[in-house]
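Beneath this line is the structure, given in structure tokens, with notes to follow.
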2 protein chains.
Amino acid sequence: MAKSPVPASCSEHGVMTSLGDKWTILVILQLARAPEPRQRFSRLRRDVAGISQRMLTVTLRMLERHGLVVRHYHAEVPPRVEYELSPMGASLVPALETFAAWIATHWDAMMQARDDYDVQEP
Amino acid sequence: MAKSPVPASCSEHGVMTSLGDKWTILVILQLARAPEPRQRFSRLRRDVAGISQRMLTVTLRMLERHGLVVRHYHAEVPPRVEYELSPMGASLVPALETFAAWIATHWDAMMQARDDYDVQEP
DNA sequence: CGGAATCCCAAAGGATACTG
DNA sequence: CAGTATCCTTTGGGATTCCG
């Protein structure tokens, strides 16, 4: 990069790199969909399909760092940590749910298009 | 992966991996925002800030493969190729614009939160 | 002009082991 | 339990060159 003088769209560009990440979106949706607003680390680990413990840690840290998630640490033995969406994080949820709904609606058509494309052009 | 028996959320998971990609979102938005519905390769290359020729090719191929973009090839000399959103691709745009609008609105707050976080915890 | 192919490096991310 | 640290493999993606 550093070839164009950082246009205005660079803010979008930068956020897409982090927020557009697969795990980020899935973790936020999981936090939003669960009945209880606060979720424990191990629960998220189970419910976000396929995420590794490392990526969940990294993702939650990034979200906390940007003010989208609040981390509640309880200094007990064994320790208990809960995560919940901040008001700003919660305000992002509708956009993500719209995105997720679009996927659910068009998933079959996209897979069909992909198969058609693949049989035609080898 | 292949540890959990591929739950229903795997569709979201799978699409996020491709559609959630940074370049994919930026290319779709560029195709949607330009006044002319059809855009030439070289124009997209210029307008999508920072994208390499390789990634633009890969991204457009993937979008075409999934039925979100239509490729118009004109066998002239020199050849001319135009891309435009399919109806399905266009139907995704509102969701992405909502996402982009959220980013524009909350960008400053996120950067502020990030700076606050960074000075506190070294 | 609009790619495709190759090369190659840097970053992402999984597996494992250890700790407060 | 909720991480952190390390290692190591896989992937992303830029640079370059060549082709229709």
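Note that these values count all heavy atoms, side chains included, but never hydrogens, waters or copies made by symmetry. Below, chain A is the first sequence line, B the second, and so on; all start at residue 1.
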Legend entry - Presence of A/Tyr83 side-chain N/O under 4.0 Å of D/dC1 phosphate oxygens OP1/OP2: no
Legend entry - Any A/Arg46 side-chain nitrogen or oxygen under 4.0 Å from OP1 or OP2 of D/dA2: no
Legend entry - Euclidean distance, atom CG of residue B/Leu60 to atom C1' of C/dC1 [Å, nearest integer]: 14 Å
Legend entry - Residue whose nearest DNA chain C nucleotide is more 5′ - A/Ser52 or A/Pro79: A/Ser52
Legend entry - Under 4.0 angstrom between A/Ser42 side-chain N/O and D/dA2 OP1 or OP2: yes
Legend entry - Spacing between B/Gln39 atom CD and C/dG2 atom P, to the nearest angstrom: 12 Å
Inset, instruction - Evaluate the side-chain proximity of B/Glu84 to B/Arg71: yes if any heavy-atom separation is below 4.5 Å, no if none is. - result: no
Inset, instruction - May I ask you to evaluate whether B/Arg40 reaches the phosphate of C/dC1, defined as a side-chain N or O under 4.0 Å from OP1 or OP2? - result: no
Inset, instruction - For B/Gly67 and B/Ser86, work out which heavy atoms get closest and say how close. - result: O-OG, 2.6 Å
Inset, instruction - Classify the side chain of B/Gln53 and the base of C/dG3 as holding, or not holding, a donor-acceptor pair under 3.5 Å. - result: yes
Inset, instruction - Would you mind reading off the distance between A/Lys22 atom NZ and C/dG13 atom P, rounded to a whole angstrom? - result: 7 Å
Inset, instruction - Nearest whole angstrom, please: distance from the P of D/dG3 to the CG of A/Leu56. - result: 8 Å
Inset, instruction - Identify the residue among A/Asp21, A/Leu29, A/Val27, A/Ile28 that makes a side-chain contact (heavy atoms from CB on, under 4.5 Å) with A/Ile25. - result: A/Leu29
Legend entry - Proximal nucleotide (of C/dG3, D/dA2, C/dC1) relative to the B/Phe41 side chain: C/dG3
Inset, instruction - Give the rounded distance in Å between these two atoms: CE of A/Met62 and P of C/dA12. - result: 11 Å
Inset, instruction - Would you check if the side chain of B/Thr59 reaches a backbone N or O of B/Leu56 as a donor-acceptor pair within less than 3.5 Å? - result: no
Inset, instruction - Using atom NE2 of A/His72 as one end and atom C1' of D/dA2 as the other, report the distance to the nearest whole Å. - result: 16 Å
Inset, instruction - Name the closest nucleotide to the A/Thr57 side chain, picking from D/dG14, D/dG3, C/dG13. - result: D/dG3
Inset, instruction - Could you pick out which residue, A/Glu82 or A/Arg54, lies toward the 5' side of DNA chain D when each is mapped onto its nearest nucleotide? - result: A/Glu82
Legend entry - Distance, rounded to the nearest Å, where A/Met55 contributes CE and C/dG14 contributes C1': 10 Å
Inset, instruction - Name the nucleic acid region contacted by B/Arg71, choosing base, sugar-phosphate or nothing; use a 4.0 angstrom heavy-atom cut-off, strictly under. - result: sugar-phosphate
Legend entry - Residue B/Arg61, side-chain atoms from C-beta onward, closest of C/dG14, D/dA2, C/dG3: C/dG3
Inset, instruction - Please round to the nearest 0.5 Å and tell me the distance separating atom NE2 of B/His106 and atom CE of A/Met88. - result: 7.0 Å
Legend entry - Presence of A/Tyr73 side-chain N/O under 4.0 Å of C/dG20 phosphate oxygens OP1/OP2: no
